2 protein chains.
Amino acid sequence: MATGRTHRPATRSRGIPEATVARLPLYLRALTALSERSVPTVSSEELAAAAGVNSAKLRKDFSYLGSYGTRGVGYDVEYLVYQISRELGLTQDWPVVIVGIGNLGAALANYGGFASRGFRVAALIDADPAMAGKQVAGIAVQHSDGLEKIISDNGVSIGVITTPPSVAQQVCDRLVAAGVTSILNFAPTVLSVPDGVDVRKVDLSIELQILAFHEQRKAGEEAALNEAALAAPAGRGDSTDQGPDGDVPAVMPA
Amino acid sequence: MATGRTHRPATRSRGIPEATVARLPLYLRALTALSERSVPTVSSEELAAAAGVNSAKLRKDFSYLGSYGTRGVGYDVEYLVYQISRELGLTQDWPVVIVGIGNLGAALANYGGFASRGFRVAALIDADPAMAGKQVAGIAVQHSDGLEKIISDNGVSIGVITTPPSVAQQVCDRLVAAGVTSILNFAPTVLSVPDGVDVRKVDLSIELQILAFHEQRKAGEEAALNEAALAAPAGRGDSTDQGPDGDVPAVMPA
DNA sequence: CCATCTTTGTGCACGCGTTCACAAAGACAT
DNA sequence: ATGTCTTTGTGAACGCGTGCACAAAGATGG
Ligand SMILES: NC(=O)c1ccc[n+]([C@@H]2O[C@H](COP(=O)([O-])OP(=O)(O)OC[C@H]3O[C@@H](n4cnc5c(N)ncnc54)[C@H](O)[C@@H]3O)[C@@H](O)[C@H]2O)c1
Ligand SMILES: NC(=O)c1ccc[n+]([C@@H]2O[C@H](COP(=O)([O-])OP(=O)(O)OC[C@H]3O[C@@H](n4cnc5c(N)ncnc54)[C@H](O)[C@@H]3O)[C@@H](O)[C@H]2O)c1
């Protein structure tokens, strides 16, 4: 998922597959819920259902961490919570900076889900002088002039970018130069980073477009079905009276 | 990525692999930028660089859509923009509802990136009576009592859930019952949906945890390197004076 | 102590996605 | 028209991830 210039070959970190790492937070969430209900042990089948995955996959995932289960019984919930937390590095505190305190940045700052997992908003940074000093989520916004100092003073290694896309790369460059080695990017841009820096992106627009693709496919199948019976009206999705699937390109190739 | 109860076997839709579909929006974005700069054609190498992918992958991706390139020249930008837009279903208008107009829901409502790709915020829905009637991003928030009618009146097939996780499943159920067949879920919950409904989730907390995992691994490698030289201090990441990698579990298994 | 029963841990096969490498195709110059 | 040069489109190999199916392990009861 790292979108750096050089494509790192999936660096199976210390033997734990990337796909497994991506599921550990899911397991952890389900386990935390069980822990709060004081459930002592859980079977792979139950936990898998709670996490929305296959039980075989879950057992294989856990096997990468070690053999923490007891055959015939299941897994000890508390113990597993600790092991996964430790594996994910959540037993330590991760100071995070958010750069670009607009609509989205402010929403993230207000989000309680951060602190609950060992992530602490160490600073909010914005380039707008009018924002500097304002309190957002109980934290004073600081001007981006001091970005480097803020990063180094707080020992920040994780940065969140919620600036407009036009400045995302330069913000990224400054973060990296200041010592940040993990970036969560909300701006719809491809970021170039040096080796050793991880970038993950959250792109709302892409998610919607993927949904639209499947939605269109579903509508197409439905239409084909209706067509097979008779030339029936579409019913849903006729908000515009444009043809559902024009075949004539807007511009022909040269 | 659909997290429904039944695991659909990657339904290679109409021959286009899921992984390719997920990259089409990326290509489209890069192509749109080129189009705005009036670049007439682009090679797979250039476009791949702009989209942050391998050029062979890009060519293979495009080969699923058909042979739209010209050997020795490259791809016609305008034509490709149209073809990808059509394939993704962006030539039609998709009305979208957002349910749960809190911090995040309001940020999304204000986001301009929706409309630019054929997605139109048809309605904002919240359960809080105090929110009803309030204007957010120029749209009046409606009470969730009328959810079903709003969905059907506007022919909405895509819903965005930004409610607290505790109510996400029931909101999801109502959306589905009302006719929504695609859901973008921001609440940290596993949603169960019937077959034929697509769910995609955006989970900030998971992204951060994945970053933390890699961050810890990097720190560990670095520490091992330093250790090899001498018992050197860690320098970064000592915000708490807790040992960097305790080995004693909090609770021993039964 | 033994039998039975539950559940883990994993060997194995399969399919998807990625990447390499190259032949074919077309543009362009001469 | 012909040759050269660029770039596409794709066959093939490989690696990762997934899921099945089962043997091994341990709990539990008699
Ligand atoms: N709002 C959403 O729901 C949403 C959804 C998906 C993606 N995004 C993306 O997230 C980003 C932020 O969206 P938004 O709606 O919050 O935009 P916004 O305009 O409300 O906020 C952007 C903020 O970044 C600040 N900024 C600008 N340049 C900066 C710089 N060089 N350094 C530091 N701060 C700087 C601005 O002062 C502003 O406060 C955009 O890239 C947008 O495309 C937003
Ligand atoms: N804020 C963030 O940056 C952020 C980040 C990641 C995930 N999330 C998740 O997104 C969701 C929303 O976060 P938020 O910060 O906006 O929370 P919020 O509390 O600000 O907003 C939630 C809104 O949902 C409304 N609501 C509650 N029950 C409802 C119902 N049954 N039907 C319709 N509306 C209902 C509430 O009235 C409120 O306006 C949460 O699940 C949160 O975990 C938020």
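On a predicted model such as this, the values are computed, not experimentally measured, just so you know. In what follows, every chain begins at residue 1, and chains take the letters A, B, ... in the order their sequences are listed.
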Quiz item: Which is true for A:Phe62 with a 4.0 Å heavy-atom rule: it touches a base, it touches only sugar-phosphate, or it touches nothing?
Solution: nothing
Practice problem: Mind checking salt bridge (Lys or Arg N to Asp or Glu O under 4.0 Å) for A:Arg174 and listing every partner two or more places apart, or none if nothing turns up? | Solution: A:Glu148
Over how many whole Å does the gap from [X] atom [atom1] to [N] atom [atom2] extend?
X: B:Leu80; N: D:dT8; atom1: CG; atom2: P; answer: 11 Å
X: A:Asn54; N: D:dA21; atom1: CG; atom2: P; answer: 12 Å
X: A:Leu65; N: C:dT8; atom1: CG; atom2: C1'; answer: 14 Å
X: A:Tyr75; N: C:dT6; atom1: OH; atom2: P; answer: 18 Å
X: A:Arg59; N: C:dC12; atom1: CZ; atom2: C1'; answer: 15 Å
X: A:Asp61; N: C:dG9; atom1: CG; atom2: C1'; answer: 13 Å
X: B:Glu45; N: D:dC5; atom1: CD; atom2: P; answer: 19 Å
X: A:Glu18; N: D:dG17; atom1: CD; atom2: P; answer: 8 Å

Could you tell me whether the phosphate oxygens of [N], OP1 or OP2, come under 4.0 Å of any side-chain nitrogen or oxygen in [X]?
X: B:Lys57; N: C:dT19; answer: yes
X: B:Tyr68; N: D:dT7; answer: no
X: A:Tyr64; N: D:dG17; answer: no
X: A:Ser44; N: C:dT7; answer: no

Quiz item: ring-ring contact (aromatic ring centres under 6.0 Å, His included): which pairs involve residues 19-47 of chain A, sequence neighbours left out?
Solution: A:Tyr27-A:Phe62
Quiz item: Between D:dT8, C:dT8, D:dT18, which one does the side chain of B:Ser43 approach most closely?
Solution: D:dT8
Practice problem: Compare the minimum distances between each of C:dA21, D:dG9, D:dG19 and the side chain of B:Ala56, then state the nucleotide with the smallest one. | Solution: C:dA21
Quiz item: Between B:Tyr75 and B:Tyr68, is the ring centre distance below 6.0 Å?
Solution: no
Quiz item: How does protein reach along nucleotides 24-30 of chain D, written 5' to 3' as B (base within reach of a heavy atom under 4.0 Å), S (only sugar-phosphate), or - (no contact)?
Solution: BB-S---
Quiz item: What pairs of residues pass the salt bridge (Lys or Arg N to Asp or Glu O under 4.0 Å) test when at least one of them lies in residues 30-40 of chain B, not counting sequence neighbours?
Solution: none
Quiz item: Under the salt bridge (Lys or Arg N to Asp or Glu O under 4.0 Å) rule, what pairs show up with a residue in residues 60-69 of chain A, not counting sequence neighbours?
Solution: A:Arg23-A:Asp61
Quiz item: For B:Ser205, which residues count as a side-chain hydrogen bond (donor to acceptor under 3.5 Å, both in side chains) partner, sequence neighbours excluded?
Solution: B:Gln209
Quiz prompt | A:Glu46 side chain reached by A:Val42 side chain, heavy atoms, under 4.5 Å | solution = yes
Self-check item: 5' precedence on DNA chain C between A:Lys60 and B:Arg23 (nearest-nucleotide basis)
Solution: A:Lys60
